[in-house]
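A short write-up of the structure that comes next.
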Amino acid sequence: MRRLRTQVVIVGAGPSGLLLSHLLGRRGIASIVVERRAREYVEQRVRAGLLEQSTVELLREAGVADRLDRGGLVHEGFELRFDGGQHRVPFTELTGWTTCMYGQQEVVKDLIRAREAAGGPMYFGVDDVAIFDMDTDSPRVTCTLEGEAAEIVGDFIAGCDGFHGVCRRSLPAGSFRAYEHVYPFAWLGILAAVAPSTEELIYGVHERGFALHSMRSPSISRLYLQVGPEEPLADWPDERIWAELRTRLAVDGREGLNEGPILSRGVTAMRSFVMEPMQYGRVFLAGDAAHIVPPSAAKGLNLAAADVRQLAAAFTAQYADGTRELLDRYSRDGLAAVWQGQEFSAVMTSLLHPFPTDGAYEARLRQARLRDLVTSRASATAFAESYVGLSRARLAATLATDPRLG
Ligand code: APR
Ligand code: PHB
């Protein structure tokens, strides 16, 4: 049996686990990362690609933003299309904050390279992680490392292993409460080798369903269609995907969409989940392991980064001067931010998607909300503050001084 000792054992090498490991490393705190999948798989997994300004700043702070600063596309507004019309929400003019388009798998690549350069131990293809002694001072992980049975003992375990991970499932029954909501539709997403049709994102609300035009670079477009919840990909040959995108994103019946070879495609379920608290004993959960949102507002990665920022600060305080206060507050403060993100993701989901159960009345209500967003500066500002992440930053700052809000 191989025995390893570290300060923080990190389960999962998605954005949460890698960023946590890297931030801790820069503060002199040792960690070991164990990941179920192969490195190539993790680096190629296509997910959302909208980074809030605060997420970009955190990546800069971690020293992993060189490629992002060169290749990320900074945005100051988006387009909203409905009823054949075209409108712009100038979120930077309304809030002062920008967003940045940069693929999550690129963030993951940058983080893995940075961990490698720093000599941080990471193990990929470890598919038998089990966690033990969670409520003792020496929690441990068992697994197979390079063909050999191993035990990794730490002061803490960080569960960064996503929604289907092992950490949350290993906690004692009744030690947390789960909140869940499942939407009756999904998103079919494609990555296409074609220049984006516009400089800004286009959110298109159509009676046939929602469509989104997004991008990853000046030569790669990312597009999404609202589809049924269990939609087989086989029902969507390329021509049907493009025809549906053209129709749903048309302005005054005019279609204008650049089309090109489809590089990858997938269906994303629309679901919300939160566990409370995000901690048990010496196990702290972060990112998708603790909460997920539907992709509508692209908050998943940004909420994960917010958890990691806080968890890294809390571990740093613990190791620097033995104060447990931040670790004790991690779940409470984190959950306030998480619920803020849940609420906005739910608002944006119901604003943009016709629901299968909607009647004519609900359709008119949606139309009224959309009109309000593009005619009322107050409504647009409130929306924009949540969209860019300013509301969450403000909440975090207020929580630090007014604990009753937590
Ligand atoms: N053992 C080790 N690793 C595991 C295990 C396990 N039993 N189960 C899952 N993992 C790994 C997954 O393979 C994945 O690489 O944990 C990682 C979790 O990564 P993500 O799912 O990307 O979650 P997170 O890092 O929290 O990032 C959140 O991902 O889903 C998006 O929208 C979400 O953008 C957000 C981001
Ligand atoms: C994306 O590019 O993946 C994306 C962008 C904006 C969203 C959702 C997803 O609101």
*State, yes or no, whether a side-chain contact exists between His87 and Leu373 at a heavy-atom distance under 4.5 Å.*
no

*Got a sec: does the CD of Glu180 have more than 12 other heavy atoms crowding it under 6.0 Å?*
yes

*Closest heavy-atom pair and its distance - Met134, Ser170*: CE-O, 3.3 Å

_Asn258 side chain to Val194 backbone, donor-acceptor under 3.5 Å_ = no

*If you take all heavy atoms of Ala48 and Ala298, which pair is closest and at what distance?*
CB-CB, 4.4 Å

*Classify the side-chain pair Gln53/Thr98 by whether it contains a donor and acceptor separated by less than 3.5 Å.*
yes

*For the pair Ser391 (side chain) and Glu385 (backbone), establish whether a donor and an acceptor sit closer than 3.5 Å, ignoring hydrogens and angles.*
yes

*Where do Leu285 and Val283 land on the side-chain contact (heavy atoms from CB on, under 4.5 Å) test, with the steps shown first?*
CA-CA 7 Å; Leu285 290 100; Val283 180; 4.3 Å; yes

*Taking all atoms of both residues into account, what is the closest heavy-atom pair of Arg248 and Phe210, and its distance?*
NH1-O, 2.9 Å

*Kindly indicate, with the supporting measurements, whether the criterion side-chain contact (heavy atoms from CB on, under 4.5 Å) is fulfilled by Val9 and Val33.*
CA-CA 6 Å; Val9 187; Val33 179; over 6 Å; no

*May I ask you to decide if Tyr387's main-chain N or O and Lys299's side chain share a donor-acceptor pair within less than 3.5 Å?*
yes

*What do the steps show when you test Tyr203 against Val89 for side-chain contact (heavy atoms from CB on, under 4.5 Å), and what is the final call?*
CA-CA 11 Å; Tyr203 293 89; Val89 176; over 6 Å; no

Output a table of donor-acceptor pairs, distance under 3.5 Å, between side-chain atoms of residues 15-24 and any protein atom two or more places apart or on a different chain; print 'none' if there are none.
from: Ser21; atom 1: OG; to: Ser31; atom 2: OG; distance (Å): 3.1
from: Ser21; atom 1: OG; to: Arg115; atom 2: NE; distance (Å): 2.9
from: His22; atom 1: ND1; to: Arg115; atom 2: NH1; distance (Å): 3.0
from: His22; atom 1: NE2; to: Ala62; atom 2: O; distance (Å): 3.3

*Heavy-atom count around Glu362 CD within 6.0 Å, excluding the residue itself: above 12?*
yes

*Flag the pair Arg39 and Glu116 as a salt bridge only when some basic side-chain nitrogen lies within less than 4.0 angstrom of an acidic carboxylate oxygen.*
yes

*Is the backbone of Leu352 close enough, under 3.5 Å, to the side chain of Gln226 for a donor and an acceptor to pair up by distance?*
no

*Are the side chains of Phe383 and Leu94 in touch, meaning some heavy atoms are under 4.5 Å apart?*
no

*Using the benzene-type ring in the case of Trp, are the ring centres of Phe185 and Phe355 under 6.0 Å apart?*
yes

*Can the ring centres of Tyr280 and Phe176 be said to be less than 6.0 Å apart?*
no

*Look up atom CE in Met101 and atom CD in Glu106, then write down how far apart they are to the nearest 0.5 Å.*
12.5 Å

*Can you spot which of His75, His213, Arg88 makes a side-chain hydrogen bond (donor to acceptor under 3.5 Å, both in side chains) with Glu200?*
Arg88

*Does any non-hydrogen side-chain atom of Gln367 lie less than 4.5 Å from one of Asp83?*
yes

_Student check: side-chain heavy atoms of Arg282 and Asp155 closer than 4.5 Å_ = yes

*So do the side chains of Phe91 and Trp97 get within less than 4.5 Å of each other, counting heavy atoms only?*
no

*To the nearest 0.5 Å, tell me how far Leu257 CG sits from Leu245 CG.*
6.0 Å

_Can a donor-acceptor pair be found, under 3.5 Å and without considering hydrogens, that links the side chain of Ser217 to the backbone of Ile220?_
yes

*Does CD belonging to Glu148 count more than 12 external heavy atoms closer than 6.0 Å?*
yes

*Asp110 and Arg67: which non-hydrogen atoms are nearest, and at how many Å?*
OD1-NE, 2.6 Å

*Pair Arg240 + Asp235: basic N to acidic O under 4.0 Å*: no

*Take Ile112 and Phe124 through the side-chain contact (heavy atoms from CB on, under 4.5 Å) test and state the conclusion after the steps.*
CA-CA 11 Å; Ile112 291 179; Phe124 291 92; 3.8 Å; yes

_I'd like to check Glu52 versus Val388 (side-chain heavy atoms, cut-off strictly below 4.5 Å). Are they in contact?_
no

_Identified salt bridge (Lys or Arg N to Asp or Glu O under 4.0 Å) counterpart of Glu151 within the set Arg2, Arg140, Arg5_ = Arg140

Donor-acceptor list for residues 334-344 side chains, cut-off 3.5 Å, not counting sequence neighbours:
from: Trp339; atom 1: NE1; to: Glu276; atom 2: OE2; distance (Å): 2.8
from: Gln342; atom 1: NE2; to: Phe273; atom 2: O; distance (Å): 3.3
from: Gln342; atom 1: NE2; to: Ile292; atom 2: O; distance (Å): 3.0

*What closest approach, in Å, do Tyr123 and Glu146 show between heavy atoms, and which atom pair accounts for it?*
CE2-OE2, 3.8 Å

*What's the spacing between Tyr330 OH and Gln279 CD if we round to 0.5 Å?*
9.5 Å

_Atom CZ of Arg27: over 12 foreign heavy atoms under 6.0 Å_ = yes

*Exam field: side chain Asp161 to backbone Val11, donor-acceptor pair closer than 3.5 Å*: no

*CD-SG distance between Glu57 and Cys100, expressed to the nearest 0.5 angstrom*: 11.5 Å

_Minimal non-hydrogen separation, Arg392 against Ala306, with atom names_ = NE-CB, 4.1 Å

*asked:* Is the ring pair Phe315/Tyr319 parallel, tilted or perpendicular, if the boundaries are 30 and 60 degrees?
replied: tilted

*Roughly how far apart are Arg81 CZ and Leu370 CG, rounded to 0.5 Å?*
14.5 Å

*Do Asp358 and Arg366 have side chains that get closer than 4.5 Å, going by heavy atoms?*
yes

_Distance in Å, Ile202 CD1 paired with Phe78 CZ, rounded so as to fall on 0.5 Å steps_ = 12.0 Å

_Using only atom types and a distance under 3.5 Å, with no angle test, would you say the side chain of Arg168 pairs donor to acceptor with the backbone of Phe163?_
yes

*asked:* Are there over 12 heavy-atom neighbours, none belonging to Arg324, within less than 6.0 Å of that residue's CZ?
replied: yes

_Testing Leu303, Asn302, Val308, Thr99 one by one against Thr55 for a side chain to side chain contact (heavy atoms under 4.5 Å, CB included), which residue passes?_
Asn302

_Using a strict threshold of under 4.0 Å (side-chain N to carboxylate O), is an ion pair present between Glu259 and Arg246?_
yes

*Do the non-hydrogen side-chain atoms of Val46 and Gln105 ever get within less than 4.5 Å of each other?*
yes

*Show your working on ring-ring contact (aromatic ring centres under 6.0 Å, His included) between Tyr179 and His291 and close with a plain yes or no.*
CA-CA 9 Å; Tyr179 299 81; His291 45 79; over 10 Å; no

